[in-house]
Novice: 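Here it is, the structure, as structure tokens.
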Amino acid sequence: MPTLILGLGNPLQSDDGLGCRVAQELQCCALPPDVEVMDGGTPGLGLLNLIEGRERVVIVDAAEMG
């Protein structure tokens with residue numbers, strides 16, 4: 001399976017939408033055919049089926065740490 005770049009977050013929550021925004025920008029780029037980009041949103045454990053069986057997953061996310 002192709003490498004997955006997975007952007008996470010909620011674009012309605014300011015910096016929490018960073019991962020989704022990165023995924024949107026990457027979808028416009030010419031990436032190698034063995035790289036897949038997805039906006040994963042906020043489903044949490046619901047993402048396991050997207051990750052299962054992949055050799056490599058790059059997760060892009062942001063969190064306010066105070």
Side-chain angles (χ1 to χ4, degrees):
M1 293 185 80
T3 294
L4 175 63
I5 300 174
L6 186 60
L8 300 180
N10 180 349
L12 300 176
Q13 296 293 323
S14 183
D15 67 334
D16 189 43
L18 177 75
C20 299
R21 183 71 177 131
V22 169
Q24 289 171 355
E25 289 295 320
L26 286 174
Q27 288 173 339
C28 298
C29 297
L31 298 173
D34 63 337
V35 175
E36 183 179 0
V37 178
M38 282 188 188
D39 177 345
T42 60
L45 291 175
L47 296 171
L48 290 178
N49 61 336
L50 296 175
I51 295 171
E52 186 177 4
R54 296 196 188 253
E55 225 174 283
R56 183 173 312 160
V57 177
V58 177
I59 298 174
V60 182
D61 197 4
E64 175 61 49
M65 303 302 282

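Please read these numbers as outputs of a predicted model, since none were measured by experiment. Heads up: numbering here begins at 1 and tracks the sequence.
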Novice: How long is the gap from CG on Leu18 to CZ on Arg21, to the nearest 0.5 Å?
Specialist: 10.0 Å
Novice: Mind checking the CD1-CG spacing from Ile51 to Leu6? Nearest 0.5 Å is all I need.
Specialist: 6.0 Å
Novice: Between CZ of Arg54 and OG1 of Thr3, what distance do you get to the nearest 0.5 Å?
Specialist: 8.5 Å
Novice: Counting only heavy atoms not in Arg56, do more than 12 fall under 6.0 Å of its CZ?
Specialist: no
Novice: Tell me the closest heavy-atom pair linking Cys20 and Gly9, and the distance in Å.
Specialist: SG-O, 3.1 Å
Novice: Using the rule that Ile, Leu, Val, Met, Phe, Trp and Tyr join whenever any side-chain heavy atoms are under 4.5 Å apart, tell me whether Val58 and Val35 fall into a single cluster.
Specialist: yes
Novice: Mind checking the CD-CD1 spacing from Gln27 to Ile5? Nearest 0.5 Å is all I need.
Specialist: 10.0 Å
Novice: Are Met1 and Val37 connected in the hydrophobic side-chain network, where two residues link if heavy atoms are under 4.5 Å apart?
Specialist: no
Novice: In terms of hydrophobic clustering (I, L, V, M, F, W, Y; side-chain heavy atoms under 4.5 Å; direct or indirect links), are Val60 and Leu31 co-clustered?
Specialist: yes
Novice: Identify whether Met38 and Val57 are in the same connected component of the hydrophobic contact network (ILVMFWY, side-chain heavy atoms under 4.5 Å).
Specialist: yes
Novice: Do Leu8 and Leu47 come close enough that some side-chain heavy atom pair is under 4.5 Å?
Specialist: yes
